[in-house]
Amino acid sequence: MEIFLDTAEIEDIRKYKDFIDGVTTNPSIMSKRGNDNPLDVIREICDTIDGPISAEVLSENYEDMLKEGKALAAVHSNVCVKLPCTVDGLKTCKALSSEGIPTNLTLCFSPTQALLAAKCGATYISPFIGRLDDIGQDGTELIENIVDIYEVNGYETKVLAASVRGVQHVVQAAILGADAITLPVKILKQCFEHPLTTTGLEKFSADWENRKK
Ligand code: G3P
């Protein structure tokens with residue numbers, strides 16, 4: 001399973017570079033970089049790590065999304081143009097895919113949106129599992145449905161679990177066969193941690209210090 005970092009912070013990307021396959025961003029994440037030019041931020045990320053970098057369009061109609069998507073893709077061959085699961089977003093996905101530009105279809109909340117994204121040639125589909133959990137639905141069930149639909153129909157679109165709220169989501173996505181997951185720094189950190197590892201190390205160290213001399 002590919003692991004992406006859901007951030008636009010260069011320091012975090014540098015710090016966890018050895019453990020991640022790429023980066024995903026969205027307008028909320030980019031807004032944390034203040035007035036930095038989005039194209040410059042994406043270029044900076046591409047210069048920091050070699051792997052798929054999802055960069056989202058801000059416009060909402062086909063013509064503007066297509067223009068914006070091409071400008072983002074021109075920054076670096078690793079850029080994956082992130083588009084919403086709307087009629088215009090899917091139409092843009094189809095157009096960009098036909099030109100060989102990688103895409104990531106975002107804000108996916110239903111299996112039918114995922115089916116349409118695959119038919120339009122999306123490289124990744126991003127089901128937002130945490131936001132479904134937030135409204136009392138089961139986000140992991142959506143992953144399961146999409147994985148099944150893609151397998152039965154032979155679609156190559158990769159399932160990228162997004163809107164991850166905890167390590168349990170990481171485990172469930174991996175068990176269900178998601179191809180990728182994107183994690184906020186906080187959750188990636190939690191993936192390394194276990195209290196028994198910490199206390200176990202402390203005990204090893206103390207036992208060694210107190211050995212018979
Ligand atoms: O990058 C998309 C997604 O991961 C956003 O998650 O936490 O805003 O629901 P969240």
Side-chain angles (χ1 to χ4, degrees), residues 1-13 16 19-34 36 38-39 41-42 44-46 48-49 51-60 65 68-69 72-73 75 78-86 89-90 92-93 102-111 113-114 117 122-144 146-147 157-174 176 178-191:
M1 185 167 75
E2 288 174 297
I3 297 180
F4 299 137
L5 205 56
D6 213 13
T7 188
E9 299 305 321
I10 299 299
E11 274 321 299
D12 289 331
I13 297 167
Y16 293 105
F19 308 101
I20 58 172
D21 298 285
V23 167
T24 56
T25 63
N26 62 34
S28 304
I29 287 171
M30 294 294 269
S31 73
K32 294 182 186 147
R33 294 282 308 253
D36 291 355
L39 293 179
V41 174
I42 296 302
E44 208 184 348
I45 297 173
C46 290
T48 308
I49 183 163
I53 309 300
S54 291
E56 190 158 343
V57 298
L58 293 164
S59 38
E60 291 176 17
M65 277 198 248
E68 214 185 318
L72 287 166
V75 169
N78 280 345
V79 169
C80 212
V81 179
K82 214 169 168 190
L83 302 154
C85 281
T86 58
L90 289 162
T92 310
C93 169
T103 53
N104 176 355
L105 272 285
T106 189
L107 291 169
C108 171
F109 294 99
S110 79
Q113 289 176 320
T123 313
Y124 292 96
I125 182 74
S126 290
F128 273 34
I129 58 177
R131 291 195 197 181
L132 279 174
D133 289 358
D134 292 347
I135 59 160
Q137 293 187 23
D138 186 354
T140 52
E141 191 184 313
L142 176 59
I143 294 192
E144 198 172 3
I146 300 173
V147 168
T157 301
K158 294 183 186 179
V159 182
L160 194 175
S163 180
V164 170
R165 297 280 187 263
V167 288
Q168 202 47 37
H169 272 158
V170 183
V171 176
Q172 285 167 327
L176 293 170
D179 303 282
I181 194 163
T182 186
L183 306 177
V185 173
K186 184 180 140 201
I187 310 292
L188 179 62
K189 272 187 195 160
Q190 289 173 5
C191 289

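All ligand and atom numbering here is 1-based and tracks the order in the structure. Hydrogens, waters and symmetry mates are skipped; everything else that's a heavy atom, side chains included, is used.
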Under 3.5 Å, is there a donor-acceptor pair between the side chain of Asp21 and the main chain of Ile3? yes
Note: ligand 1 atoms sitting under 4.0 Å from heavy atoms of Asn26 are 1 (O), 2 (C), 5 (C)
For atom 4 (O) of ligand 1, what is the nearest protein heavy atom, given as residue, atom name and distance? Asp6 OD2, 2.6 Å
re atom 6 (O) of ligand 1, the protein heavy-atom contact at minimum distance is Ser163 CA, 3.3 Å
Who's the nearest protein heavy-atom neighbour of atom 2 (C) of ligand 1, and how far? Phe128 CZ, 3.3 Å
In this structure, atom 7 (O) of ligand 1 is nearest to the protein heavy atom Arg165 NH1, 2.9 Å
N/O of Arg131 under 3.5 Å from N/O of ligand 1, yes or no? yes
If you apply the rule side chain to side chain contact (heavy atoms under 4.5 Å, CB included), what do you find for Leu72 with Leu39, and how did you get there? CA-CA 7 Å; Leu72 287 166; Leu39 293 179; 3.6 Å; yes
Taking the side chain as every heavy atom from C-beta outward, state whether Cys108 and Ser126 have any atom pair closer than 4.5 Å. no
May I ask you to check whether Thr24 has an N/O atom sitting below 3.5 Å from an N/O atom of ligand 1? no
For ligand 1, which atoms, with element, lie under 4.0 Å from some heavy atom of Lys82? 1 (O), 2 (C)
Purely on distance, is any nitrogen or oxygen of Thr182 under 3.5 Å from one on ligand 1? no
Over 12 non-hydrogen atoms of neighbours within 6.0 angstrom of CD in Glu60: no
How long is the gap from NZ on Lys158 to OG1 on Thr123, to the nearest 0.5 Å? 8.5 Å
Is there a side-chain contact between Cys191 and Phe19 (heavy atoms, below 4.5 Å)? no
Check each atom of ligand 1 against the heavy atoms of Ala162 and keep those under 4.0 Å away; list them by number with element. 4 (O)
